Amino acid sequence: KASEYIALLRKGSAERVIESCTAEEIKRSRDLSPDTYTYLLAAHVIKGDTDEARLVWLRVPSPHKTNTELQRMWNITRALLLEDYPNIYPPSPTPLESLVLSHVRSRTLHSISLGYKSISLAELQTMCGISSRETARETVTNLGWRADDDEFVFPVLPESRPSKTRLALSEIANYISFLESV
């Protein structure tokens, strides 16, 4: 099952992993392995649903909470929930953790591009778990962002971002359609 789950997560099918693990949890609630909970947490984090991951942790049986892999995945999830960026990225991640953290890093970079006009290189490194300045500068360059000599980075908005006007028009159109159908 583990290799199947990792393959699905690599393909971007976190939802299928969640469905499979949840079905397994319902079917075999008493003798479920800690690995199933680990993959369930990982899938929720990859999907960006840390609140749901927290709820999974709450229903993990106490004896399973001592499992090393599950504990490490929970530590990542908890750090995300608390926005404790220095503790999101463990020093020696397992392959599953690396997969999860690459999704977290991508989502963080996307959020930075939407929410920041400028950010210090050091803060970018902390938020994305990038240890070296050279790697951080390389990341900035690969994203097409600008950096200055004073160690500040200027993110560029992604092109695929819909305009606020278009979003507002879409919401109005949906509201009118709803009213017409009532």
Side-chain angles (χ1 to χ4, degrees), residues 1-116 119 122-136 138-140 142-143 155 158 160:
K1 275 277 194 208
S3 59
E4 178 187 330
Y5 287 153
I6 286 181
L8 285 169
L9 291 172
R10 280 197 178 115
K11 289 180 192 171
S13 300
E15 194 60 48
R16 286 185 51 202
V17 173
I18 291 168
E19 288 170 9
S20 176
C21 289
T22 303
E24 197 172 330
E25 182 182 19
I26 291 168
K27 187 169 62 176
R28 306 177 1 179
S29 65
R30 290 280 182 223
D31 61 343
L32 197 61
S33 79
D35 291 344
T36 303
Y37 289 110
T38 303
Y39 287 105
L40 191 53
L41 277 176
H44 281 298
V45 171
I46 284 173
K47 216 175 123 191
D49 196 352
T50 52
D51 288 330
E52 192 63 39
R54 183 180 59 82
L55 295 174
V56 168
W57 179 255
L58 292 174
R59 65 180 190 252
V60 171
S62 294
H64 289 349
K65 289 184 178 182
T66 59
N67 177 279
T68 306
E69 293 269 328
L70 181 58
Q71 185 78 53
R72 287 175 59 109
M73 190 57 63
W74 170 244
N75 289 340
I76 291 170
T77 307
R78 184 179 53 213
L80 281 166
L81 284 163
L82 298 172
E83 295 181 20
D84 182 12
Y85 295 108
N87 291 317
I88 291 172
Y89 301 92
S92 312
T94 65
L96 177 62
E97 291 170 348
S98 293
L99 180 63
V100 168
L101 293 172
S102 72
H103 284 271
V104 168
R105 186 174 290 114
S106 294
R107 200 169 29 259
T108 301
L109 287 167
H110 181 73
S111 295
I112 289 171
S113 73
L114 295 174
Y116 288 77
I119 185 171
E123 190 172 353
L124 177 92
Q125 283 180 255
T126 301
M127 290 175 76
C128 295
I130 302 171
S131 55
S132 78
R133 281 187 143 5
E134 294 78 33
T135 305
E138 208 174 283
T139 301
V140 166
N142 291 341
L143 290 168
S160 63

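Treat the numbers as computed from the prediction; the structure is a model and nothing was measured.
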Does Val56 form a side chain to side chain contact (heavy atoms under 4.5 Å, CB included) with Met73? I'd like the steps, not just the answer. CA-CA 12 Å; Val56 168; Met73 190 57 63; over 6 Å; no
Begin with the C-alpha distance, continue with both residues' side-chain angles, and end with the deciding distance and a verdict on side chain to side chain contact (heavy atoms under 4.5 Å, CB included) for Lys65 and Tyr37. CA-CA 10 Å; Lys65 289 184 178 182; Tyr37 289 110; over 6 Å; no
How far apart are the C-alpha atoms of Glu24 and Tyr39, what are their side-chain angles, what is the distance that settles it, and do they pass the side chain to side chain contact (heavy atoms under 4.5 Å, CB included) test? CA-CA 12 Å; Glu24 197 172 330; Tyr39 287 105; over 6 Å; no
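No option in Leu143, Val140, Val104, Leu114 other than Leu143 meets the side-chain contact (heavy atoms from CB on, under 4.5 Å) test with Leu109. Partner Pro34 forms a side-chain contact (heavy atoms from CB on, under 4.5 Å) with one of Asn67, Thr68, Val60 and no other, that one being Asn67.
Inspection of the Asn75 and Arg72 side chains reveals no N or O donor paired with an N or O acceptor under 3.5 Å.
Expressed to the nearest 0.5 Å, how far OG1 of Thr108 lies from CD of Glu83 amounts to 9.5 Å.
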Distance-only criterion, 3.5 Å: show the donor-acceptor pairs between side-chain atoms of residues 86-93 and protein atoms not counting sequence neighbours.
from	atom 1	to	atom 2	distance (Å)
Asn87	ND2	Asp84	OD1	3.4
Asn87	ND2	Asp84	OD2	2.6
Tyr89	OH	Met127	O	3.3

Donor-acceptor pairs under 3.5 angstrom involving side-chain atoms of residues 6-22: please list them, not counting sequence neighbours.
from	atom 1	to	atom 2	distance (Å)
Glu15	OE1	Lys47	NZ	2.8
Ser20	OG	Tyr5	OH	3.1
Thr22	OG1	Ile18	O	2.7

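When all heavy atoms of Ile76 and Glu97 are compared, the closest pair comes out as CD1-CG, 3.8 Å. A pairwise comparison of heavy atoms in Ala136 and Ile130 identifies N-CG2, 3.6 Å as the closest pair. The two residues His103 and Leu99 come nearest to each other via the heavy atoms CD2-O, 3.1 Å. For the residue pair Leu41 and Ala53, the shortest heavy atom distance occurs at CD2-O, 3.1 Å. Shortest non-hydrogen contact noted between Arg54 and Trp74 is CA-CZ3, 3.9 Å. Residues Gly129 and Arg105 share a closest heavy-atom pair of O-NH2, 3.5 Å.
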